[in-house]
Undergrad: 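I am attaching a structure below and will ask some questions about it afterwards.
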Amino acid sequence: MNIKLQQRAPIMEALENMKDKRIVPFDVPGHKRGKGSPELTAFLGEKAMSLDVNSMKSLDFLGHPVSVIKEAEEIAADAFGAAQAFLMVSGTTSSVIAMIMSACKAGDKILLTRNVHKSVLTGLILSGAIPCYIDPGLQPDLGISMGMKLQDIEQAMDANPDAVAILLNNPTYYGICSNLPAVVKMAHARNMLVLVDEAHGTHFSFGRGLPISAMAAGADMAAVSMHKSGGSLTQSSFLLLGVKPNAAYVRQIINLIQTTSASYLLMSSLDISRKNLALNGVEIFETVGKMAAYAREEINQIGGFYAFGAEIINGDSIYDFDATKLSVNTLKTGLAGREVYDILRDEYDIQIEMGDIGNFLAYVSVGDRMKDIERLCSALSEIYRLHRRNPQGMLDYEYIHPIVSCSPQEAFYAEKQLVSLENSVSRVSVELVMCYPPGIPIIAPGEQVTKSAIDYIRYAKAKGCTLTGTQNEAVEQLYVLL
């Protein structure tokens with residue numbers, strides 16, 4: 001990494017120069033630097049509104065960058081150790097979709113674990129690629145999906161020698177990492193691309209003692225949620241490339257799915273946050289790691305709750321663990337993770353990242369303070385004392401084994417009929433069903449609906465999980481193939 005280069009923030013500098021020129025705007029946006037929308041300006045601030053501008057020669061154009069945006073992307077690539085970086089303003093969802101559409105055409109096979117974000121399924125629907133799922137298995141004490149075993153990956157590669165790519169999470173929502181360097185070596189030996197959903201691993205490129213980043217492991221593409229652990233504004237992301245993919249073709253794909261009216265607030269936040277991580281990342285994530293470690297120790301003394309850490313590493317399906325993640329199992333309290341999520345928000349004014357059937361995730365970042373950690377730990381202690389129940393009858397898994405009948409694209413666009421959930425068993429779904437967050441589908445288009453999936457949906461609804469993806473908002477009915 002070139003530290004002198006990383007001191008630059010070209011988009012921010014160009015915006016500051018634009019403001020100094022006091023340009024009279026006869027272009028969009030129509031609020032004209034906030035003057036036309038006084039209430040919005042009072043709410044968001046004059047500074048933010050004055051920087052919400054349209055593309056112009058001095059500010060470059062995201063769809064075909066030639067100056068300051070191009071420079072910002074080159075500096076970002078240097079920071080992440082990538083051959084190319086793209087600024088993404090439609091979230092990491094668009095980065096994941098772009099990866100899949102760049103690597104796969106209709107009918108191409110792609111290997112992937114089933115505990116993927118919904119954006120992966122969207123990419124499959126749009127590209128027409130065919131998923132070949134690798135079962136991640138369950139961590140028996142926690143009921144959560146693990147990473148992928150190398151033996152299972154090798155078997156999948158042998159069974160699908162025509163697969164063009166493999167997609168992995170690095171890490172999962174809970175901080176679990178597969179053996180990425182070994183997977184890259186296996187895939188490249190078979191001329192397969194390695195795509196990595198690194199939405200929750202931005203910090204891997206900047207901290208010490210953390211799991212290896214996708215680019216450092218030699219992956220071909222990585223989707224990086226800068227707004228999660230990187231500190232940029234919500235919806236801003238990077239798509240990173242290694243040396244093998246055709247960057248010009250990837251740019252074409254991005255321009256198919258990303259807005260032509262890119263927000264300079266989002267782009268400048270990527271620029272500034274990248275600069276901060278490049279210059280201060282080691283210290284930032286050392287502090288974050290210490291806060292997460294302290295929280296784990298305190299929570300594990302409460303009873304019932306289990307804040308898991310590096311002790312779950314097994315060298316294969318859990319090859320590494322992201323120690324900055326504060327992931328907490330709730331099953332022994334008799335409470336679902338979502339129930340703890342709701343109690344923390346409704347009774348203690350503490351908003352955590354997500355809760356599901358048996359776990360919750362409290363996202364710890366550089367913006368947290370030790371007194372915030374203490375408040376969370378105190379609240380959990382009180383919740384255990386006041387709300388714990390007999391854990392008998394708790395659903396103790398979050399992975400539903402998929403039975404794939406056809407490609408997601410074929411199912412999504414096929415003739416369909418609406419049936420009740422109960423009558424959908426053994427039929428082929430044309431819709432996604434998922435709890436959000438975390439956005440991992442319970443049922444995906446092209447998959448057979450099983451009784452286990454219906455039981456999971458019913459249980460998740462009873463525990464207060466937010467279910468989405470279906471046209472029927474109550475998720476009492478499901479569209480299936482005719």
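Just the heavy atoms: all of them, side chains too, but no hydrogens, waters or symmetry mates, feed the values below. Because the structure is a prediction, the values reported are computed rather than measured.
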Undergrad: In plain terms, say whether Lys228 and Glu198 are close enough for a salt bridge, that is, a side-chain N and a carboxylate O under 4.0 Å apart.
TA: no
Undergrad: Are the side chain of Gln392 and the backbone of Asn390 linked by a donor-acceptor contact shorter than 3.5 Å?
TA: no
Undergrad: Would you check, one step at a time, whether the test salt bridge (charged side-chain N to carboxylate O under 4.0 Å, His left out) holds for Lys332 with Asp141?
TA: CA-CA 10 Å; Lys332 290 185 179 179; Asp141 297 326; over 6 Å; no
Undergrad: First locate atom CG of Asp135, then atom OG of Ser145, and finally report the distance between them rounded to the nearest 0.5 Å.
TA: 8.0 Å
Undergrad: Any chance you could measure Thr92, atom OG1, to Asp197, atom CG, to the nearest 0.5 Å?
TA: 7.5 Å
Undergrad: Please examine the side chains of Leu344 and Leu380, heavy atoms only from C-beta on, and report whether any two atoms are closer than 4.5 Å.
TA: yes
Undergrad: Answer yes if the side chains of Ser237 and Ser225 hold a donor-acceptor pair under 3.5 Å, and no otherwise.
TA: no
Undergrad: Could you tell me whether the side chain of Asp372 and the main chain of Asp368 form a donor-acceptor pair under 3.5 Å?
TA: no
Undergrad: Looking only at heavy atoms, which two atoms of Met146 and Ser317 are closest? And how far apart?
TA: SD-OG, 3.4 Å
Undergrad: Mind running salt bridge (charged side-chain N to carboxylate O under 4.0 Å, His left out) on Arg458 and Glu422 for me, showing each step along the way?
TA: CA-CA 10 Å; Arg458 292 289 188 207; Glu422 286 70 21; 2.5 Å; yes
Undergrad: Looking only at heavy atoms, what is the nearest atom pair of Ser269 and Leu266, with distance?
TA: OG-O, 2.7 Å
Undergrad: Minimum heavy-atom separation for Ala292 to Leu326, with atom names?
TA: O-CD1, 4.2 Å
Undergrad: Using only atom types and a distance under 3.5 Å, with no angle test, would you say the side chain of Tyr319 pairs donor to acceptor with the backbone of Leu180?
TA: no
Undergrad: In Å and rounded to the nearest 0.5 Å, what is the OH to CE distance from Tyr173 to Met354?
TA: 6.0 Å
Undergrad: For Lys463, does the NZ atom have more than 12 heavy-atom neighbours from other residues, nucleotides or ligands under 6.0 Å away?
TA: yes
Undergrad: Is the closest side-chain heavy-atom distance between Arg345 and Ile352 below 4.5 Å?
TA: no
Undergrad: Report, as yes or no, whether the 6.0 Å neighbourhood of atom NZ on Lys416 holds more than 12 heavy atoms from other residues, nucleotides or ligands.
TA: yes
Undergrad: Answer yes when Asp162 and Lys109 have at least one side-chain N-carboxylate O distance shorter than 4.0 Å, and no when they do not.
TA: yes
Undergrad: For Leu331, does its backbone N or O pair with a side-chain atom of Asn329 as donor and acceptor, under 3.5 Å?
TA: yes
Undergrad: What is the distance from atom CD1 of Ile100 to atom OG of Ser127, rounded to the nearest 0.5 Å?
TA: 6.5 Å
Undergrad: Show the numbers, then the answer: is there a side-chain contact (heavy atoms from CB on, under 4.5 Å) between Val328 and Ile299?
TA: CA-CA 8 Å; Val328 182; Ile299 291 169; 4.2 Å; yes
Undergrad: Report yes or no: do Glu374 and Tyr294 form a side-chain donor-acceptor pair below 3.5 Å?
TA: yes
Undergrad: Can you find a pair of side-chain heavy atoms, one from Met157 and one from Met186, that are under 4.5 Å apart?
TA: yes
Undergrad: Classify the side-chain pair Lys244/Asn191 by whether it contains a donor and acceptor separated by less than 3.5 Å.
TA: yes
Undergrad: Please verify the inter-ring angle class for Phe305 with Phe360; under 30° counts as parallel, over 60° as perpendicular, anything in between as tilted.
TA: perpendicular
Undergrad: Report the C-alpha separation of Val196 and Leu167 in whole Å, then their side-chain angles, then the decisive distance to 0.1 Å, and conclude whether the side-chain contact (heavy atoms from CB on, under 4.5 Å) test is met.
TA: CA-CA 6 Å; Val196 180; Leu167 186 145; over 6 Å; no
Undergrad: Would His200 and Asn170 count as having a side-chain donor-acceptor pair, cut-off 3.5 Å?
TA: no
Undergrad: Return yes if some donor-acceptor pair links the side-chain N/O of Arg338 with the main-chain N/O of Gly464 below 3.5 Å, else return no.
TA: yes
Undergrad: Any side-chain heavy atom of Gln235 sitting closer than 4.5 Å to one from Met88?
TA: no
Undergrad: Under a 3.5 Å distance rule, please check whether Glu298 uses its side chain to pair with a backbone N or O of Ala295 as donor and acceptor.
TA: no
Undergrad: What I want to check is whether the side chains of Asp322 and His203 have a donor and an acceptor closer together than 3.5 Å.
TA: yes
Undergrad: Taking it one step at a time, do Tyr348 and Ser378 satisfy side-chain contact (heavy atoms from CB on, under 4.5 Å)?
TA: CA-CA 10 Å; Tyr348 296 91; Ser378 296; over 6 Å; no
Undergrad: Among side-chain atoms of Asn472 and Thr470, is any donor-acceptor pair under 3.5 angstrom?
TA: no
Undergrad: Would you find a donor on one side and an acceptor on the other, under 3.5 Å apart, between the side chain of Thr330 and the backbone of Leu335?
TA: yes
Undergrad: Kindly indicate, with the supporting measurements, whether the criterion salt bridge (charged side-chain N to carboxylate O under 4.0 Å, His left out) is fulfilled by Asp455 and Lys451.
TA: CA-CA 6 Å; Asp455 290 344; Lys451 185 178 183 301; 2.9 Å; yes
Undergrad: Aromatic ring centroids of Phe238 and Phe80 under 6.0 Å?
TA: yes
Undergrad: Which atom names give the shortest non-hydrogen contact between Arg251 and Leu62, and what distance separates them?
TA: NH1-O, 3.7 Å
Undergrad: Answer yes or no: is there an ion pair linking Glu339 with Arg389, defined by an N-O contact shorter than 4.0 Å?
TA: yes
Undergrad: Apply salt bridge (charged side-chain N to carboxylate O under 4.0 Å, His left out) to the pair Lys325 and Glu353, showing each step before the final yes or no.
TA: CA-CA 11 Å; Lys325 294 287 186 292; Glu353 172 66 13; over 6 Å; no
Undergrad: Taking Asp320 for the side chain and Ser178 for the main chain, is one N or O donor matched with an acceptor at less than 3.5 Å?
TA: no
Undergrad: How long is the gap from CD1 on Ile134 to CD on Gln151, to the nearest 0.5 Å?
TA: 12.0 Å
Undergrad: What are the two closest non-hydrogen atoms of Gln409 and Leu124, and how far apart are they?
TA: CB-O, 4.0 Å
Undergrad: Side chain of Gln471, backbone of Tyr479: donor and acceptor closer than 3.5 Å?
TA: no
Undergrad: Got a donor-acceptor contact below 3.5 angstrom from the Ser407 side chain to the Glu410 backbone?
TA: yes
Undergrad: Closer than 4.0 angstrom, basic N to acidic O: yes or no for Lys461 and Glu476?
TA: yes
Undergrad: Answer with yes or no whether the side chains of Ser232 and Ser236 bring together a donor and an acceptor at under 3.5 Å.
TA: yes
Undergrad: Can you see which heavy atom on Ile440 is nearest to which on Arg114, and at what distance?
TA: CG2-O, 4.2 Å
Undergrad: Compute whether any side-chain donor of one residue and acceptor of the other, for Asn423 and Ser420, lie under 3.5 angstrom apart.
TA: yes
Undergrad: Working to the nearest 0.5 Å, report the span between CD1 of Ile144 and OG1 of Thr172.
TA: 6.0 Å
